[in-house]
Amino acid sequence: MKPYNPHEIEPRLQAQWEADDAYAVVEDSPRPKKYVLEMFPYPSGDIHMGHVSNYTYGDVVARYSTMRGFDVLHPMGWDAFGLPAENAAIKHHSHPATWTYQNIDTQRASFKRMGFSYDWDRTVVACDPEYYRWGQWIFLKFWERGLVERRNSPVNWCPDCGTVLANEQVIEGRCWRCDSEVEKRDLTQWYYKITDYAQELLDDLDQLEGWPERVKQQQANWIGRSEGANVDFILCDAEGNAPAEPGADDIITVFTTRADTLFGCSFFVLAPEYAGLDALVAGTDYEAPVRELVEASKKVSAVERAMGDREKHGVFTGRYVVNPINGEKVPVWVADYVVADYGTGAVMAVPCGDQRDFEFARKYDLPIVPIILGEDDPLYPQLKDEQGRVVTEVDWDKAYAAEGILVQSGPYTGLAGGKHSPGEEAVVAALEEMGRGKRTVEFRLRDWLISRQRYWGNPIPAVHCPDCGVVPVPEDQLPVRLPEDIDLAAGETLATHEGFVNTTCPVCGGPAKRETDTMDTFTCSSWYYMRYTDPHNDQAPFDPARANAWMPVDQYIGGIEHAILHLLYSRFFTKVLRDCGMLDFDEPFTNLLCQGMVLDANGEVMSKSKGNVVSPEEMVRDYGADSVRAAMLFMGPPDKEKLWNEDGLAGMAKFLSRLWRQVNDLAGVAGEESLFEAAPDPEAAVKVAQKLVRERHRVVGKVSDDFDRNNFNTAIAAIMELSNATGEYLRAFSPEARAACPDHQALDAEVAEVLVKLMAPIAPHWADELWQTVLGHPGSSVHAQPWPAFDPEAAKADEAELAVQVNGKVKAKVTVAADASEEAVRAAALAAVSRVLEGRDVKKVVVVPGRLVNIVAK
RNA sequence: GCCCGGGUGGCGGAAUGGCAGACGCGGCGGUCUCAAAAACCGCUACCGAAAGGUGUGCGGGUUCGAAUCCCGCUCCGGGCACCA
């Protein structure tokens, strides 16, 4: 017998697979399609353990799916634009492409060394002009459809990265990439109007049954839909006189989800950035303090802002508005707790029902009018039937934000209040009637800021012409190529590169300047999975027929950190391309697996600074790729965090080695290394053989089921159980005895084949080597074989051991025939616990066939 | 504050209404060996000498039966956050 030596077999089989083009995709196969995809990596260096885990899951799904009879598309590529390449280029005085392509080569070699089954002919590299030209093409399609906008507004600026960021890329006030504090700047930037799709992006989450609930929840929160109403307040003078026919300048609109609380509005607040604020206070005594507050709020950093629970600051503007529901005069304040870019940037303050307004009212001594109460509130009985205002002050220590009953609310008194309450509906209806309100919906989602002030990205295909304005680069002039002769280390940028900047206007032919911003890398990753379906197309990003045939992705696998970013943007792209007539489906990813992080043995994140990084290369060098793969899979459920420890890896290497020996023994080639130990008891030996037959069927069923649900850890546990049964069997029968008996021969061959096939997706080299050499199929590959079948009937034992419970506590066990009648089972159970039942009345006997008997006794 | 997860042996975990701790790691004991390693076998939730009892974060409930379902807490992790 040849001992198991991964270091010899793995490189040899990898070379064989490559020579045979074993994982090339078959187009137009009669088999049903399955698109298995892992999020493509950023080429930041060599792969780390997180990559090993992510891509191993994908490889198991791909290989298993092939064996199950699917035509599998399993491609790989690189998300190759981005800042790290630029930083490396500056450091090494080279070009970002050099660093990027070197890392791609390193990672590709590591992926091959792990035995991943990709169709390398379909590789997509995002910084390749043959790919990014189509990203530009898609940009033009978006532009045609009115989904591209260039506008000036306050944006997130990362000083360290020297570029603006999308909202989604700011994590608690810090840059997602470098963790620097983000600043607000007023800049003119390019946007994709993702908000046009906010409702559909929210609604279609319901279609995504194969997505983890938490990811859908996070997206729903991020989109943040609120139903409410816009309510118009009219500016009035200090005596409360408002113009009878107000013009646009006389109206301030607020968005509210709680129109039912309008009677409790005792002041009114504008955001410091509110557009009309200057005009309201210009030339008054209030101008100076208002200006001071506005300046102070600008200085608050994004990180501080993100901390929440900050002290609120505000000043009175000297102006008043009229509350449309009751005609009351309400003072207008400016305060830093109002968010400028949500709703209208103005809010009606109801301190009795809103904690923020309550805190502000307490601080500046503004009235708190109770207009909504719980029935158990001591105030409720006295305000129950009051129509006019009686109480205008309360001794509460916080607002009453829950649902309740409206009081002191004129005709609405007595109605239920709250979001979507009858009270709210009645008030909105009344406001609509008088032309002062309108039902509306607000989203938290902002448009996607896609322009970046960096070199290493996809150039935005636009030209600035002094006569024609900002115009698109015509399709036939794509791609707008990044200039290769650029010295980033010397501070050169696209904007200073004259050869790039200077061009002619595609409309009038006059001299013009190119747009020098590039696109967010997330635009590259929003459609690469479509490109894989038709990667060499030089006429279009992809042929719709091919994309529609392969898409949507059946199983997508990647990190939870993309729960919003990449996954939301990709859903948006898919919907827009569908509306362009290029796709006939709504959602790109049918099933999503978000893998948990790989941490060190103490549960710490692996990082260079902590010095706890585990190198996949070293692990593969010491134990072989198959053991690393299997150990990773066995560590726990894929979506949970994994604590990497080398003991588990060593254990897995032993298991592969033991199983190798068992397969050899079953195949009759173990020789001296046979596990046979001599079984003195022939009757027991027969039982061991019968058990092996049952286990062979049961375990195939269990492993199939587990793979279907991505439960890789329990699949391996089940294979270990089959291995344990095999071990018992091999100890019980000598190789000679087995060789002499046709029944044994058949069983041995079958179990050997089952073991090898079950392991094939997990340990592909180990399995293929055994398949080709020990099981006698030279030149063929186990990975092209059909998955083993099983017979659930054959998995059943003819006897069953049942637990006998008395009042739910196990008191005894009985062994009965599997087909024993309920009556017989009951009798056996009662007999087994007769001692416990002595002197007690049996009230009831519950028989659960095949499992247990519960006797209820008093 | 709101929204999601989660809490099971020394450790990773298994069991989604039916014998809690599958499978593995670690530990202990054994076989083999001059010895050790490797390999193989057995034991391994806790208390107890045993009989027996206790046990899935805590407290209640539903059920013949609850880690699993319901109610109330608590702790840990994640997301969002002055979003009106």
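Naming convention: chains lettered A, B, ... in sequence-line order (proteins, then strands); numbering from 1 in each chain.
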Considering residues at least two apart in sequence or located in another chain, which fulfil the ring-ring contact (aromatic ring centres under 6.0 Å, His included) criterion with A:Y337?
A:F360
By the salt bridge (charged side-chain N to carboxylate O under 4.0 Å, His left out) test, which pairs, at least two apart or in different chains, include something from residues 704-714 of chain A?
A:K702-A:D706, A:D705-A:R709
What pairs meet the salt bridge (charged side-chain N to carboxylate O under 4.0 Å, His left out) rule with one or both residues in residues 342-353 of chain A, with sequence neighbours excluded?
none
Integer angstrom distance from the [atom1] of [N] to that of [M]:
N     : M     : atom1 : answer
B:G65 : B:C19 : C1'   : 12 Å
B:C25 : B:A50 : C1'   : 32 Å
B:G18 : B:G26 : P     : 32 Å
B:U56 : B:C75 : C1'   : 16 Å
B:C11 : B:C58 : P     : 16 Å
B:G13 : B:G61 : P     : 33 Å
B:A15 : B:C69 : P     : 14 Å

Counting primed atoms, P, OP1 and OP2 as sugar-phosphate and everything else as base, the B/S/- map of nucleotides 2-13 of chain B against protein heavy atoms under 4.0 Å is -SS-------BS
Indicate for each nucleotide in nucleotides 55-75 of chain B, in 5' to 3' sequence, whether protein heavy atoms under 4.0 Å reach the base (B), only the sugar-phosphate (S), or nothing (-).
---------BS----------
All side chain to side chain donor-acceptor pair (under 3.5 Å) counterparts of A:T56, not counting sequence neighbours:
none
At a cut-off of 3.5 Å, list every protein nitrogen or oxygen paired with a nitrogen or oxygen from nucleotides 40-44 of chain B, distance to 0.1 Å.
from  : atom 1 : to     : atom 2 : distance (Å)
B:C40 : O2'    : A:E677 : OE2    : 3.0
B:C41 : OP1    : A:R731 : NH1    : 2.6

Any carboxylate oxygen within less than 4.0 angstrom of a Lys/Arg side-chain nitrogen, looking at A:R439 and A:E227?
no
For the pair A:E311 and A:K363, find out whether any cationic side-chain nitrogen is under 4.0 Å from an anionic carboxylate oxygen.
yes
With a 6.0 Å cut-off on the ring centroids, do A:W333 and A:F268 count as close?
no
Compute the ring centroids of A:F676 and A:F733, then answer whether they are less than 6.0 Å apart.
no
Intra- and interstrand pairs of RNA chain B - dot-bracket, Watson-Crick/G-U under 3.5 Å, | marks other strand
(((((((..(((.....[....)))((((((.......))))))(((....)))..(((((..]....))))))))))))....
Residues that [X] engages under salt bridge (Lys or Arg N to Asp or Glu O under 4.0 Å), provided they are two or more places apart:
X      : result
A:D647 : none
A:R661 : none
A:K654 : none

Nearest-Å distance, [atom1] ([X]) to [atom2] ([N])?
X      : N     : atom1 : atom2 : result
A:L852 : B:G17 : CG    : C1'   : 11 Å
A:D665 : B:A39 : CG    : P     : 17 Å
A:L262 : B:A84 : CG    : P     : 16 Å
A:K398 : B:G1  : NZ    : P     : 9 Å
A:N724 : B:C23 : CG    : C1'   : 8 Å

Applying side chain to side chain contact (heavy atoms under 4.5 Å, CB included) to A:R362 and not counting sequence neighbours gives A:F358, A:I368, A:E393
Does B:A84 have OP1 or OP2 sitting under 4.0 Å from an N or O in the side chain of A:Y337?
no
